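Some notes on the structure that comes next.
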Amino acid sequence: MPSHGLRRSVLAALVVLLPLPLAAQTCEDRISDYDRRIALCDAAYAAAADPDVAATALGYKGEALRMLGRLDDAAAVLRLSLALAPGNPWYWVELGHVRFDDGDPAGAVAHYATALELDPGDLYARINRADAWRALNAPDRCLADSTPTLAAEPENDFASLVHGRCLTAVGRAEEALAHLDRAIAANPGYLPPQMARMAALMALGRHAEAVALSLIHI
């Protein structure tokens with residue numbers, strides 16, 4: 001028969017290994033079951049006694065709706081968040097994501113810009129605006145946003161990806177490779193940095209390397 005100490009050790013291991021019970025999940029946990037997250041956020045919103053708490057629940061719900069591709073619903077919910085907390089830049093950033101995902105990078109730039117007016121130090125808004133500038137074929141403006149973001153957060157792999165793409169677009173593909181390599185190292189299974197590296201290699205005339213890299217990911 002195991003000792004009490006051993007039994008406690010086994011139970012402790014099981015607690016670590018078992019997933020959190022559903023009752024412990026909250027709206028802010030950002031679980032990958034987006035429908036459940038929406039239900040949790042609806043419950044949090046219904047229970048909220050404070051406008052900021054209610055706005056936060058709506059914000060997380062809007063994010064989950066966007067991840068499900070329900071962009072019109074996401075936009076409507078996020079506008080409700082802004083009605084409750086108009087000074088919170090996060091809701092403007094999320095609206096920017098909705099516009100970007102809906103194929104409207106110009107609208108995304110406008111929303112990210114509003115977030116930056118509210119908080120000029122919001123690097124998340126800034127690097128997403130940089131990516132929207134990239135999508136608008138405005139690499140100089142992209143670099144104007146990605147450069148200070150990388151200076152403040154040199155380990156930000158998304159910033160490295162965006163910066164590398166825009167360096168390639170302005171004819172600085174050799175510089176771009178180092179940034180793209182950092183993005184790849186941070187997330188080897190994520191394809192966009194690999195694709196961006198291929199584009200940089202092609203811009204440098206290193207076609208054989210680009211083809212070899214493409215073959216790895218076919």
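Small disclaimer: the values here were computed from a predicted structure and weren't measured.
Separating the CG atom in D73 from the NZ atom in K61 is a distance of 8.0 Å, to the nearest 0.5 Å. Residue D131 holds its CG atom at 7.5 Å from SG of C166, rounded to the nearest 0.5 Å. Taking CZ from R182 and CD from E155, the interatomic distance works out to 7.5 Å, rounded to the nearest 0.5 Å. The CZ atom of R126 sits 6.5 Å away from the OG1 atom of T149 when rounded to the nearest 0.5 Å. Atom CG of L161 sits about 10.5 Å away from atom CD of Q194, to the nearest 0.5 Å. Considering OG1 of T56 and CG of L84, their distance stands at 9.5 Å, rounded to 0.5 Å.
The shortest side-chain heavy-atom distance between T114 and L95 does not fall under the 4.5 Å cut-off. The side-chain heavy atoms of V162 and D145, taken from C-beta on, include no pair separated by under 4.5 Å. Annotation: side chain of D29 is not in contact with side chain of R37 (no heavy-atom distance under 4.5 Å). With contacts defined as side-chain heavy-atom distances shorter than 4.5 Å, the pair R66/L71 qualifies. Side-chain contact between Y60 and V77 is absent, with no heavy atoms from C-beta onward closer than 4.5 Å. Contact of the L40 side chain with the I31 side chain is registered, since non-hydrogen atoms from C-beta on lie closer than 4.5 Å. Side-chain contact check for I127 versus S146: some heavy-atom pair is nearer than 4.5 Å. Side-chain contact between L150 and H179: present, with at least one pair of heavy atoms (C-beta onward) separated by less than 4.5 Å.
L118 is connected to W90 through a chain of hydrophobic side-chain contacts under 4.5 Å among Ile, Leu, Val, Met, Phe, Trp and Tyr, so both are in one cluster. Both L68 and L80 belong to a common hydrophobic cluster when Ile, Leu, Val, Met, Phe, Trp and Tyr are linked at side-chain heavy-atom distances under 4.5 angstrom.
Between A108 and R99, the closest heavy-atom pair is N-CB, 3.6 Å. Looking at every heavy atom in both residues, P105 comes nearest to A135 through CB-CB, 3.9 Å. Of all the heavy atoms in Y34 and M67, the pair that sits closest is OH-CE, 3.3 Å. Contact between P193 and I184 at its shortest, heavy atoms only, is CB-CG1, 3.5 Å. Nearest heavy-atom pair, T168 versus A200, reported as atom, atom and distance to 0.1 Å: OG1-CB, 3.6 Å. Between A176 and G164 the shortest heavy-atom distance is CB-O, 3.2 Å.
With hydrogens and angles ignored, the 3.5 Å screen pairs no side-chain donor or acceptor of D102 with any backbone N or O of D104. Side chain of Y91 to backbone of A55: a donor-acceptor contact under 3.5 angstrom is found. Proximity of a side-chain donor or acceptor of R165 to a complementary backbone N or O of L180 within less than 3.5 Å is not detected.
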(request) Dump the intermediate steps for side chain to side chain contact (heavy atoms under 4.5 Å, CB included) on L177 and R197, then the final yes or no. (result) CA-CA 6 Å; L177 288 175; R197 193 176 202 284; 3.9 Å; yes

(request) Show the numbers, then the answer: is there a side chain to side chain contact (heavy atoms under 4.5 Å, CB included) between L78 and L65? (result) CA-CA 10 Å; L78 290 165; L65 287 166; over 6 Å; no

(request) Test N128 against F100 for side chain to side chain contact (heavy atoms under 4.5 Å, CB included), laying out the working first. (result) CA-CA 9 Å; N128 278 282; F100 192 92; over 6 Å; no

(message) Assess the residue pair H163 and L143 against the criterion (side chain to side chain contact (heavy atoms under 4.5 Å, CB included)); give the C-alpha distance rounded to whole Å, side-chain angles, the decisive distance to 0.1 Å, and a yes or no.
(response) CA-CA 6 Å; H163 194 66; L143 290 174; 3.5 Å; yes

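Legend: ring pair (Phe, Tyr, Trp, His ring centres under 6.0 Å) pairs involving residues 180-202, not counting sequence neighbours: none detected.
No hydrogens or angles considered: a donor-acceptor pair under 3.5 Å links the side chains of Y112 and H97.
Residues passing the side-chain contact (heavy atoms from CB on, under 4.5 Å) test with M202 are H207, A210, sequence neighbours excluded.
Surrounding CG of D72 are at most 12 heavy atoms belonging to other residues, nucleotides or ligands under 6.0 Å away. Shown here is R141, whose CZ atom has no more than 12 heavy atoms of other residues, nucleotides or ligands within 6.0 Å. More than 12 heavy-atom neighbours from other residues, nucleotides or ligands sit within 6.0 angstrom of CZ on R30. Sparse packing is recorded around OH of Y45, with 12 or fewer heavy atoms of other residues, nucleotides or ligands lying under 6.0 Å away.
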